[in-house]
Amino acid sequence: MNTMEFDFGMVGLGVMGRNLLLNIADHGFSVVGLDLDPQKAAALEAEADKGKAVKGTTSIQEFVSSLQKPRALMLLVPAGKAVDAAIASLVPHLEPGDIIIDGGNSYFPDTNRRIVELEAKNLHFFGMGISGGEKGARFGPSMMPGGNRQAYERLRPVFEAVAAKVDGEPCVAYLGNGSAGNYVKMVHNGIEYGIMQLIAETYDLLKRGLGRSDEEIQRIFEEWNGSEVHSFLVEITAQILKKTDELTGQKLVNLISDWAKQKGTGKWTSQNAMDLQVPLPTVDIAVTMRDMSAYKEERVLAAQSLAIPSNPTESSENWYVLEEQLRNAFYFAMLTTYAQGLVQLRVASATYDYELDLQEVAKIWRGGCIIRAACLEDIRQAFATNPALPNLLLDPTIGQELLKRQEDMRTVVKLAIDRGIPVPALMTSLAYFDAYRSETLPTNLIQAQRDYFGAHTYERTDQPGIFHTQWD
Ligand code: 6PG
């Protein structure tokens, strides 16, 4: 029996769990990992640098008893039943004050339930989104913890040491109460869906709209990554487009099935935005397009029967769209996607008492995570200047960035319409902008219709009160 007291424990030694634990060990903490699979427990020790205090075990008892008190142990197991099963097996061995951290993409209501269940046993439970994939876990992720503020102090030194750094500042911060961490990570993923869809549409416009070759498109994304759209997702797009298939010598991306799968975090983001009555159209459409991609057989049939006119109704100036205009359109839409997600966080924070600081959120998204991008510094600045900012579109700097690009945005959308290229995320990002900047919307007519057929009543613009009219 090992008598050493380890600083930090990990349950689940798959790639993510193992990599994060090795990262923690690299920063001078002693760590112990638990996995019921002896091969995974052994792999952890085999991968650790000699001289580092890293132990793998298959025994729950040994794992728990070798941790320094109050114990800090993280679960990196698949979201859902596996988390509950892991908690149930650990709890009998734990003592009051111990902290369990769930590092997976758990659904936030599950986290709320687990917090209540474990609080009754005087145990702390943290839901912590971790972003950055396998590499991020190993060399610096962005981490989004939520839970008990005092208990966080036990975790802070470990998390701040291992998180990605931007300008020397760690991409981790205590975010708020309850399921705040899982909620912020869920919205992170919703934004991730939106930006991925926008990049895919831009790629389609370059390919089918402007007829650029694979090599040209690769070069364009590479160049763009040196501009204002600089971001992890643009960077990996350029790398993906470079890759040649070893079997056929063709570009690998052209051989990949177009059915985009999903694990559910984007859908949860949209579903919850609907519950909170927050408009989130770019994320909604990104989820919809993944769903649409599954209808392959029908799309093959429809491609034959529903051709666009052979003489597209496009005006001659729309034939010429510069790559720069496309980049501007993409950036415009990218900014509106962050804006939508951050409104959702603001409303969720008030609804669920998370007490989120949106400046902090933008700050820890600047590095390590999948949606890290140069514009997050401007976004952070916007909330630093005005913490109560209702929508990024109202920030003078971000507003200017959008205004500078709106003409190009409109040109690009027109081109797509003329060519019959589906760009719903670009279109809906523009529509979001247009709707948000509309002093009046035609929803007065909807109110009249509701009152007509359902006596649902309406309010007037010229006097207070609730009104109903006998319309026919
Ligand atoms: C991250 C990613 C990560 C995961 C997504 C994939 O931040 O590191 O978001 O959490 O890759 O859950 O989601 P889909 O399978 O739904 O695309």
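All residue numbers refer to positions in the sequence shown, counting from 1.
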A.B. asks: Within 45° of the ring axis of Tyr331 and under 6.0 Å from its six-membered ring centre, is that where the NZ or CZ of Arg405 lies?
C.D. replies: no

A.B. asks: With heavy-atom distances below 4.5 Å as the criterion, would you say the side chains of Pro387 and Asp357 are in contact?
C.D. replies: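 The answer is no; the side chains never approach within 4.5 Å.
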
A.B. asks: CD1 of Ile195 to CD of Gln197: how many Å apart, nearest 0.5 Å?
C.D. replies: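 One finds 12.0 Å between CD1 of Ile195 and CD of Gln197.
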
A.B. asks: What pairs of residues pass the ring pair (Phe, Tyr, Trp, His ring centres under 6.0 Å) test when at least one of them lies in residues 379-420, not counting sequence neighbours?
C.D. replies: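 Checked against ring pair (Phe, Tyr, Trp, His ring centres under 6.0 Å) - neighbours excluded - no pair reaches residues 379-420.
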
A.B. asks: Could you walk me through whether Leu426 and Leu205 pass the side chain to side chain contact (heavy atoms under 4.5 Å, CB included) test, one step at a time?
C.D. replies: CA-CA 11 Å; Leu426 285 166; Leu205 280 171; 3.8 Å; yes

A.B. asks: Using 4.0 Å as the upper bound for N to carboxylate O, is an ion pair formed by Arg327 and Asp408?
C.D. replies: no

A.B. asks: Might you confirm whether atom CD of Glu407 has over 12 heavy atoms from other residues, nucleotides or ligands at distances under 6.0 Å?
C.D. replies: no

A.B. asks: Take Phe159 and Phe8 through the test side chain to side chain contact (heavy atoms under 4.5 Å, CB included) and record every step on the way to the result.
C.D. replies: CA-CA 11 Å; Phe159 293 168; Phe8 197 86; 4.0 Å; yes

A.B. asks: So, the side chain of Arg346 versus the backbone of Pro390: is there a donor-acceptor pair under 3.5 Å, distance only?
C.D. replies: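 Answer holds: yes.
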
A.B. asks: Does a salt bridge link Arg380 with Glu377, judged by any charged N lying under 4.0 Å from a carboxylate O?
C.D. replies: yes

A.B. asks: Nearest 0.5 Å, what's the CG-CD distance between Asp275 and Gln277?
C.D. replies: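 Reported to 0.5 Å precision, the distance equals 9.0 Å.
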
A.B. asks: Just checking, is any N or O donor in the side chain of Ser293 or Asp258 under 3.5 Å from an acceptor N or O on the other one?
C.D. replies: no

A.B. asks: When you measure from the side chain of Ser213 to the backbone of Glu216, do you find a donor-acceptor pair of N or O atoms at a distance under 3.5 Å?
C.D. replies: yes

A.B. asks: More than 12 foreign heavy atoms under 6.0 Å from OH of Tyr295: is that the case here?
C.D. replies: no

A.B. asks: Is there a side-chain contact between Leu403 and Gln400 in this structure, where contact means two heavy atoms from C-beta onward sitting under 4.5 Å apart?
C.D. replies: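 Leu403 reaches Gln400 side chain to side chain.
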
A.B. asks: Taking atom types as modelled, is there a side-chain donor on Asn182 or Thr111 under 3.5 Å from an acceptor on the other?
C.D. replies: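 A donor-acceptor contact under 3.5 Å links the two side chains.
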
A.B. asks: Can you confirm whether more than 12 heavy atoms, excluding those of Arg149, are under 6.0 Å from its CZ atom?
C.D. replies: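 No, not enclosed.
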
A.B. asks: Applying side chain to side chain contact (heavy atoms under 4.5 Å, CB included) to Asp434 and Arg410, what does each step give before you reach the verdict?
C.D. replies: CA-CA 11 Å; Asp434 280 334; Arg410 293 180 199 283; 2.8 Å; yes

A.B. asks: For Met143, does its backbone N or O pair with a side-chain atom of Lys185 as donor and acceptor, under 3.5 Å?
C.D. replies: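 Not a single qualifying donor-acceptor pair exists.
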
A.B. asks: Does any N or O in the side chain of Asn19 come within less than 3.5 Å of the main-chain N or O of Ala137, such that one atom is a donor and the other an acceptor?
C.D. replies: no

A.B. asks: With a 4.5 Å cut-off on side-chain heavy atoms, are Ile101 and Leu155 touching?
C.D. replies: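 Yes; the side chains approach each other to less than 4.5 Å.
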
A.B. asks: Using atom types as modelled and distance alone, determine if a side-chain donor or acceptor of Thr237 lies under 3.5 Å from a backbone N or O of Leu233.
C.D. replies: yes

A.B. asks: Could you walk me through whether Ile364 and Leu175 pass the side chain to side chain contact (heavy atoms under 4.5 Å, CB included) test, one step at a time?
C.D. replies: CA-CA 10 Å; Ile364 66 168; Leu175 289 181; 4.0 Å; yes

A.B. asks: I'd like to check Val253 versus Leu241 (side-chain heavy atoms, cut-off strictly below 4.5 Å). Are they in contact?
C.D. replies: yes

A.B. asks: Answer yes or no: are there more than 12 heavy-atom neighbours, outside Met292 itself, under 6.0 Å from its atom CE?
C.D. replies: no

A.B. asks: State the CG-CG distance between Asn177 and Asn148, to the nearest 0.5 angstrom.
C.D. replies: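 With rounding to 0.5 Å, CG (Asn177) is 8.5 Å from CG (Asn148).
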
A.B. asks: Is a donor on one side and an acceptor on the other found under 3.5 Å between the side chain of Asp167 and the backbone of Glu169?
C.D. replies: no

A.B. asks: Kindly give the heavy-atom pair with the smallest separation between Ser142 and Gly367, and that separation in Å.
C.D. replies: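 Ser142 and Gly367 have their closest heavy atoms at CB-O, 3.3 Å.
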
A.B. asks: State, yes or no, whether a side-chain contact exists between Thr202 and Trp224 at a heavy-atom distance under 4.5 Å.
C.D. replies: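 The answer is yes, as the side chains (C-beta and beyond) meet within the 4.5 Å cut-off.
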
A.B. asks: Write out all pairs satisfying ring pair (Phe, Tyr, Trp, His ring centres under 6.0 Å) with one or both partners inside residues 128-155, taking only residues at least two apart or from two chains.
C.D. replies: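 Qualifying pairs, neighbours excluded: Tyr152-Tyr174.
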
A.B. asks: Are more than 12 heavy atoms from other residues, nucleotides or ligands located less than 6.0 Å from atom CD of Glu153?
C.D. replies: yes

A.B. asks: Side-chain donor-acceptor pair under 3.5 Å between Asn272 and Tyr352, yes or no?
C.D. replies: yes

A.B. asks: Ignoring hydrogens and angles, state whether a donor on the side chain of Thr282 or Ser429 is under 3.5 Å from an acceptor on the partner side chain.
C.D. replies: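 A pair is found: one side chain offers a donor N or O, the other an acceptor, under 3.5 Å apart.
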
A.B. asks: Under a 3.5 Å cutoff, is there a donor and acceptor pairing between the side chains of Gln340 and Gln344?
C.D. replies: no

A.B. asks: Strictly by salt bridge (Lys or Arg N to Asp or Glu O under 4.0 Å), give each pair with a member in residues 135-147 just once, sequence neighbours left out.
C.D. replies: Asp26-Arg138

A.B. asks: Any side-chain heavy-atom pair from Ile417 and Met427 closer than 4.5 angstrom?
C.D. replies: yes

A.B. asks: Do Asn225 and His230 pair up side chain to side chain, a donor and an acceptor below 3.5 Å, judged on atom types alone?
C.D. replies: yes

A.B. asks: Is there side-chain contact between Arg154 and Ile99, with heavy atoms separated by less than 4.5 Å?
C.D. replies: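 A side-chain contact exists here, since the closest heavy-atom pair is under 4.5 Å.
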
A.B. asks: Are the side chain of Thr428 and the backbone N or O of Pro424 linked by a donor-acceptor pair below 3.5 Å?
C.D. replies: no

A.B. asks: Do Thr336 side-chain atoms and Ala333 backbone N/O form a donor-acceptor pair below 3.5 Å?
C.D. replies: yes

A.B. asks: Keeping Ser349 on the side-chain end and Glu355 on the backbone end, is there a donor-acceptor pair under 3.5 Å?
C.D. replies: yes

A.B. asks: Do Glu360 and Lys363 meet the salt-bridge criterion of a basic N to acidic O distance under 4.0 Å?
C.D. replies: yes

A.B. asks: Just by distance, with hydrogens left out, do Tyr458 and Gln449 show a side-chain donor and acceptor under 3.5 Å apart?
C.D. replies: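 No, no side-chain donor-acceptor contact under 3.5 Å.
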
A.B. asks: Working to the nearest 0.5 angstrom, can you tell me the gap between Phe330 CZ and Glu323 CD?
C.D. replies: 15.0 Å

A.B. asks: Would a 4.5 Å heavy-atom cut-off, applied to side chains only, mark Lys251 and Thr244 as touching?
C.D. replies: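 Yes - at least one pair of side-chain heavy atoms lies under 4.5 Å apart.
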
